[in-house]
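So the structure is just underneath, and the comments pick up after that.
When a ligand or atom number is given, it counts from 1 through the structure's own listing order.
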Amino acid sequence: MQGSTPKPHAVVIGSGFGGLAAAVRLGARGYRVTVLEKLDVPGGRAYVHRINGFTFDAGPTVITAPFLLEELWTLAGRRMSDDIDMRPVTPFYRIRFHDGAVFDYTGDAAAMRKEVERLAPGDVEGYERFIRTSEEIFKVGFEELAHVPFGSWWDMAKIVPDMMKLESYRSVYNLVAKHVKDDRLRQVMSFHPLLVGGNPFSTTSIYTLIAFLERKWGVHFPMGGTGALVKGLVRLIEGQGGEVRCNAEVKRILLAGRKARGVELASGETIAADVVVSNADSAWTYRHLVDENVRKRWTNERLEKQRYSMGLFVWYFGTKRKYENVAHHTICLGPRYEGLLDDIFQRHVLADDFSLYLHRPTATDPSLAPEGSDAFYVLSPVPNLSSGTNWEREAEPYRKRIERYLAETLMPGLEKEIVASRVTHPQEFQDRLLSFRGAAFGMEPVLTQSAFFRPHNESEDVERLYIVGAGTHPGAGLPGVLSSARVLDRVVPDAASLH
Ligand SMILES: Cc1cc2nc3c(=O)[nH]c(=O)nc-3n(C[C@H](O)[C@H](O)[C@H](O)COP(=O)(O)OP(=O)(O)OC[C@H]3O[C@@H](n4cnc5c(N)ncnc54)[C@H](O)[C@@H]3O)c2cc1C
């Protein structure tokens, strides 16, 4: 409109769920928003691979706390149900133990009680105590703390009494083990940190809140796959007058003194901004995009010393037949639990054995594969690049081992059925997604790297720079990264104040 003051400009680096959510929120608060994405399409870890008629969502598949997404549609003046057909998935997970026994993990209290009774009759009471504990932790950890900025020591000091009361100094496994005795049930109740890149034996027990979060809101899957959510968010941004530019890698955050004033792209183009939000990996952002001279907190030395989450090996494959007996989400536990996790997180060695998560989205949405076929991905937690693994060499033998395992257990004849195939591994996480050490979930979610101790949502080192996504507070996973964008409402100035 002629004569009106132009809106302040917000540049968002990266189009993962955290970046897209931040863009919608800033758009709703009066900013003109430009999202700059290095890859050819938006989504980040939620990229979509299309191979031979199959649609493979690359990353998140277990959608929890859908109200966090709904909130974005509301902010943009729309209803999510007009764009997205979200379906509940049950069981949440079918867990298959090494001996072939299975446990159906659902959100139904009575069904869960029965499953626990079947697996470990002596642990029913302890299990129910654990769920009540998870609810108490959820009320503080998620409802009170997930969307607040931890910008100062005082913010941290205020929550210490609650953390002591909730025994946050214990690990997830340790808290579970306090309540249930059966070794298999302990695994069932403690694997959740792996969904956000943490080792159940060292991740703070705050993360046991996930058990209650899943029960409260369920596990969902959008028809068309997670890619449908990404598309929907991009449309919201465009509807607000914002722009998502792909093939636009940011090389540097431009500064005026200690204040962000824009970005420079790999092409040499510069873009001015009133605020810059980085959804790129937080360690990578500081290490490679912010001049070392202004970094007092996130020095190269500190970044090197941080602990980084595990890596992931993922094999996306399509079969020319259906495997109807395979549930939407299956977790295949291997012969070792603590030992394997030690190999991944402590010793950083690629073990011969593995535990897997197998995804069959066509169980809910057959349109993701050609008629009569199934789309899958199978994911194996592996050490990040600290292991020194040469993935160019190891990827194919590792894939073969997984293929053999699946053929011998859940998917007879698998080798002969494959008609689409692609793998990804920590080296690709580093080279393609610019993830520090190829970690799949940013910094590891241990207590000493959580809340105030994680890179802040409002940068400690650069004014008008904000961080969203897995590597900042509260952490990885869709509820985490969507909450990190929520924090921006508290720390980014109102657009009106920048005129
Ligand atoms: C295989 C896999 C399965 C998962 N499953 C689940 C699940 O079931 N449920 C769940 O809740 N979570 C899951 N997660 C975790 C969840 O996907 C992530 O925590 C979340 O998607 C990360 O979002 P983000 O906002 O941090 O951004 P990311 O998805 O990491 O995106 C960051 C974007 O920034 C771009 N970028 C980086 N540097 C630059 C630059 N310099 N210039 C321009 N662009 C740049 C990258 O290309 C990328 O697109 C999974 C993760 C993986 C990898």
Side-chain angles (χ1 to χ4, degrees), residues 11-23 35-47 56-66 68-69 89 92-93 192 194-197 210 213-214 219-221 226 229-230 233 244-253 263-266 276-285 287-290 309-316 328-329 357 359 361 377-381 424-426 428-436 438-443 445 467-472 474-485:
V11 159
V12 179
I13 308 169
S15 67
F17 270 102
L20 296 174
V35 180
L36 300 167
E37 169 55 53
K38 167 182 178 278
L39 299 178
D40 58 339
V41 289
R45 278 152 170 77
Y47 191 93
F56 299 106
D57 284 316
T61 56
V62 178
I63 309 296
T64 50
L68 288 167
L69 290 159
V89 175
F92 294 172
Y93 313 97
H192 283 102
L194 288 162
L195 303 177
V196 291
I210 301 176
L213 180 142
E214 285 178 344
V219 164
H220 302 264
F221 189 74
T226 322
L229 285 172
V230 172
L233 288 173
V244 179
R245 272 180 68 182
C246 293
N247 299 309
E249 179 178 349
V250 171
K251 267 287 176 229
R252 204 152 64 95
I253 294 171
V263 296
E264 182 183 330
L265 303 188
V276 175
V277 176
S278 181
N279 175 225
D281 180 69
S282 59
W284 192 281
T285 298
R287 182 68 179 77
H288 298 288
L289 305 184
V290 177
S309 66
M310 66 195 183
L312 291 176
F313 178 89
V314 194
W315 176 33
Y316 309 91
H328 189 137
H329 304 290
Y357 158 62
H359 181 223
Y377 85 47
V378 61
L379 166 167
S380 174
T424 189
H425 43 67
E428 199 185 59
F429 274 85
Q430 179 175 276
D431 300 344
R432 189 164 165 273
L433 289 163
L434 307 184
S435 308
F436 204 76
F441 303 86
M443 288 178 193
I467 313 283
V468 289
T472 181
L478 254 48
V481 305
L482 295 172
S483 297
S484 74

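Regarding atom 44 (N) of ligand 1, its nearest protein heavy-atom neighbour is K38 N, 3.1 Å. Here the protein heavy atom with the shortest distance to atom 49 (O) of ligand 1 is E37 OE1, 2.6 Å. Nearest non-hydrogen protein atom to atom 31 (O) of ligand 1 is G16 CA, 3.4 Å. Atom 52 (C) of ligand 1 has as its closest protein heavy atom L312 CD1, 3.8 Å. Closest to atom 2 (C) of ligand 1 among all protein heavy atoms lies G59 CA, 3.6 Å. Protein heavy atom closest to atom 37 (C) of ligand 1, with residue, atom name and distance, is A280 CB, 3.6 Å. If you check which protein heavy atom lies closest to atom 15 (C) of ligand 1, you get F441 CE2, 3.6 Å. Annotation: atom 30 (O) of ligand 1 to nearest protein heavy atom, R45 NH1, 2.6 Å.
At a 4.0 Å heavy-atom cut-off, ligand 1 touches V481 through the side chain alone. Residue contacts with ligand 1, taken as heavy atom pairs separated by less than 4.0 Å, do not involve S435 at all. Residue contacts with ligand 1, taken as heavy atom pairs separated by less than 4.0 Å, involve F429 solely via side-chain atoms from C-beta onward. With a 4.0 Å heavy-atom cut-off, ligand 1 is reached by the backbone of T61 and by its side chain too.
Under the 3.5 Å distance criterion, the side-chain polar atoms of S15 are matched with a main-chain donor or acceptor of G43. When atom types are taken as modelled, the side chain of Y377 and the backbone of P361 share no donor-acceptor pair closer than 3.5 angstrom. Judged purely by atom type and a 3.5 angstrom limit, R45 has no side-chain atom pairing as donor or acceptor with the backbone of L433. In terms of modelled atom types and a separation under 3.5 Å, the side chain of S484 and the main chain of G469 share a donor-acceptor contact. A side-chain donor-acceptor contact under 3.5 Å links T226 to the backbone of P60.
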Worked verdict on L265 versus R245 for side chain to side chain contact (heavy atoms under 4.5 Å, CB included): CA-CA 11 Å; L265 303 188; R245 272 180 68 182; 3.7 Å; yes
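Close approach of ligand 1 to V62 is summarised as follows: ligand atoms under 4.0 Å from at least one heavy atom of the residue are 7 (C), 8 (O), 9 (N), 10 (C), 11 (O). Near G18, with a cut-off below 4.0 Å to any heavy atom, the atoms of ligand 1 are 25 (O). The contact set between ligand 1 and L39, taken as ligand atoms under 4.0 Å from a residue heavy atom, comprises 47 (O). Of all the atoms in ligand 1, the ones that sit under 4.0 Å from a non-hydrogen atom of F17 are 25 (O). Listed by number with element, the atoms of ligand 1 under 4.0 angstrom from any heavy atom of A476 are 19 (O). Applying the 4.0 Å criterion to heavy atoms of P479 picks out, from ligand 1, the atoms 11 (O). Per-residue contacts place L379 under 4.0 angstrom from the following atoms of ligand 1 (heavy atoms of the residue considered): 1 (C), 3 (C). Close approach of ligand 1 to N279 is summarised as follows: ligand atoms under 4.0 Å from at least one heavy atom of the residue are 24 (P), 25 (O), 26 (O), 27 (O), 31 (O), 32 (C).
Note that CD1 of I63 is 11.5 Å distant from CG of L68, once rounded to the nearest 0.5 Å.
Residue S309 comes nearest to F441 through the heavy atom pair OG-N, 2.9 Å, listed as atom of the first residue, atom of the second, then distance. Closest non-hydrogen pair, I467 versus T472, comes out as O-CG2, 3.5 Å.
Within the 4.0 Å heavy-atom cutoff, A266 does not count among the residues contacting ligand 1. Residue Y377 places a heavy atom under 4.0 Å from ligand 1.
Evaluated by nearest non-hydrogen atom to atom 26 (O) of ligand 1, the leading choice among A470, G43, S282 is A470. For atom 10 (C) of ligand 1, the candidate residues are V41, V250, L478; the nearest heavy-atom contact is made by L478.
For ligand 1, one of its N or O atoms has an N or O atom of G477 under 3.5 Å away. Not one N or O of A58 is nearer than 3.5 Å to an N or O of ligand 1, by distance alone.
Counting only N and O atoms by type, the side chains of H359 and H329 include no donor and acceptor under 3.5 Å apart.
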